[in-house]
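Some notes on the structure that comes next.
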Amino acid sequence: MFRPKVPVMPQPTGLIIPPAVVEPTAVIQQPTSAPVAAPVAPAPASARPTVQLTPGAVVALVGGGTAVVLVVGAVLVSMLLAVAITGASVAICALVIRSLINTEAKRY
């Protein structure tokens, strides 16, 4: 009951991919001749369009980034304030409860 049982798998499961056959190839060297100057062709144009920022776009990006920083800062400051106010109120409640318990104990 407490001895582990190792499962026996007679046949592998799943896909079995045969190994790729690599055939050696012969490298044949051509006799070198004097290099011929090829005509210089212009470089092919890039397939991706280039992004050009105008001064208005730069101002918009800076303004958007500033707005995001201000909003995130306001959220973080408000969360910090909420935690501080909660901590202060819990501390005041603890002092009041402690005071009530002490006055009850001194009365008897």
Side-chain angles (χ1 to χ4, degrees):
M1 180 175 159
F2 294 109
R3 289 190 172 193
K5 295 179 181 174
V6 179
V8 179
M9 186 171 55
Q11 294 291 327
T13 59
L15 289 175
I16 300 174
I17 301 172
V21 177
V22 179
E23 296 179 5
T25 57
V27 177
I28 301 172
Q29 299 239 346
Q30 297 287 338
T32 58
S33 60
V36 178
V40 177
S46 175
R48 297 187 326 182
T50 57
V51 177
Q52 295 179 350
L53 293 176
T54 62
V58 171
V59 169
L61 284 175
V62 169
T66 304
V68 167
V69 167
L70 288 176
V71 167
V72 169
V75 168
L76 290 177
V77 167
S78 64
M79 288 173 63
L80 179 65
L81 226 91
V83 169
I85 291 171
T86 304
S89 63
V90 168
I92 290 172
C93 289
L95 287 175
V96 168
I97 291 172
R98 183 175 140 196
S99 173
L100 289 174
I101 291 174
N102 283 341
T103 56
E104 285 291 323
K106 288 181 182 177
R107 216 181 261 184
Y108 295 108

For this session: List the steps, then state whether side-chain contact (heavy atoms from CB on, under 4.5 Å) holds for M79 with V83.
Result: CA-CA 6 Å; M79 288 173 63; V83 169; 5.7 Å; no
For this session: Measure the CD1-CD1 distance between I92 and I97 for me, rounded to the nearest 0.5 Å.
Result: 12.0 Å
For this session: State the CZ-SG distance between R98 and C93, to the nearest 0.5 angstrom.
Result: 14.5 Å
For this session: Would you kindly confirm whether V59 and V62 end up in one hydrophobic cluster when ILVMFWY residues are joined by side chain heavy atoms under 4.5 Å apart?
Result: no
Exercise. Do the side chains of L80 and L76 get nearer than 4.5 Å, heavy atoms only?
Worked result: no
Problem set entry | Test item: S99 side-chain N/O and L95 main-chain N/O as donor-acceptor pair under 3.5 Å | no
Exercise. Got a sec, which residues hit side-chain contact (heavy atoms from CB on, under 4.5 Å) with A57, two or more places apart in sequence or on another chain?
Worked result: L53, T54
